[in-house]
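None of these values were measured; they are calculated from a predicted model. Sequential numbering from 1 along the given sequence is applied to the chain's residues.
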Amino acid sequence: MGDLIVGKYKLKSSDNFDAFLKEMGVGLALRTVAKTTTPTVTIKKEGDEFAIETSSTFKTTEIKFECGKEFDETRQDGTKVKSIVTLDGNTMVHKQTNGKEVEFVREFTADAMSVKSTCNNVLCTRVYERVK
């Protein structure tokens, strides 16, 4: 499990990202910067632990977790949240809570990672192509 998930991905397309960030409570200045970056996401797995590194010219962050176990996370906007990630085949569901619930559903194929992000019924879809 996770073999198709591990890899390196580069952002290819983004839909409704600004509205999603705004719904999460991200300020205008940070949203403006975030919209102009093209992040690379690297997913690794060692034993039962996954690591997801998101890097861009603006910022690099990394989270490490075991599926099904709650962990503390600091989002790229600096907000501290409680998170839990579950895995069902080639779909990874990442839920964050801190007053608002945010959900990221990552679906993996041999060529891409599709991320559907939701906050209060505001949906953002971002597609990343596999580069490794």
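Rounding to the nearest 0.5 angstrom, the gap separating the CD1 atom in Ile84 from the NZ atom in Lys69 is 10.5 Å. In this structure, OG in Ser14 is found 10.0 Å from NZ in Lys35, a value given to the nearest 0.5 Å. Of the inter-residue distances, the one linking Tyr9 atom OH with Phe108 atom CZ reads 5.0 Å to the nearest 0.5 angstrom. Put simply, NZ on Lys8 and NZ on Lys44 are 9.0 Å apart, with the number rounded to the nearest 0.5 Å. Taking OG from Ser83 and NZ from Lys95, the interatomic distance works out to 12.0 Å, rounded to the nearest 0.5 Å. With rounding to the nearest 0.5 angstrom, the OG1 atom of Thr32 is 7.0 Å from the CG atom of Asp18.
Environment of NZ in Lys10: crowded, with over 12 heavy atoms of neighbouring residues, nucleotides or ligands closer than 6.0 Å.
Counting heavy atoms from C-beta on, the side chains of Lys82 and Asp72 come closer than 4.5 Å. Under the 4.5 Å side-chain criterion, counting only non-hydrogen atoms from C-beta, Ile52 is in contact with Phe65.
Closest approach of Ser55 to Thr60, counting heavy atoms only: CB-OG1, 3.3 Å. What you find for Ser117 and Phe20 is that their closest heavy atoms are CB-CZ, 3.4 Å. Asn16 approaches Cys124 most closely through the heavy-atom pair O-CB, 3.8 Å. Pairing each heavy atom of Pro39 with each of Ser56, the nearest pair is CA-CB, 4.2 Å.
Shown here are the side chain to side chain contact (heavy atoms under 4.5 Å, CB included) partners of Asp48, two or more places apart in sequence or in another chain: Glu66. For Lys64, there are no salt bridge (Lys or Arg N to Asp or Glu O under 4.0 Å) partners at least two apart in sequence or on another chain.
Leu123 and Met92 end up in different hydrophobic clusters when Ile, Leu, Val, Met, Phe, Trp and Tyr side chains are linked at under 4.5 Å.
Just one of Ile43, Ile5, Asn90, Leu11 meets the side-chain contact (heavy atoms from CB on, under 4.5 Å) condition when paired with Met113; it is Ile43.
Contacts classified as side chain to side chain donor-acceptor pair (under 3.5 Å) and involving residues 96-115 (residues at least two apart or in different chains) are given here: Glu73-Gln96, His94-Arg106.
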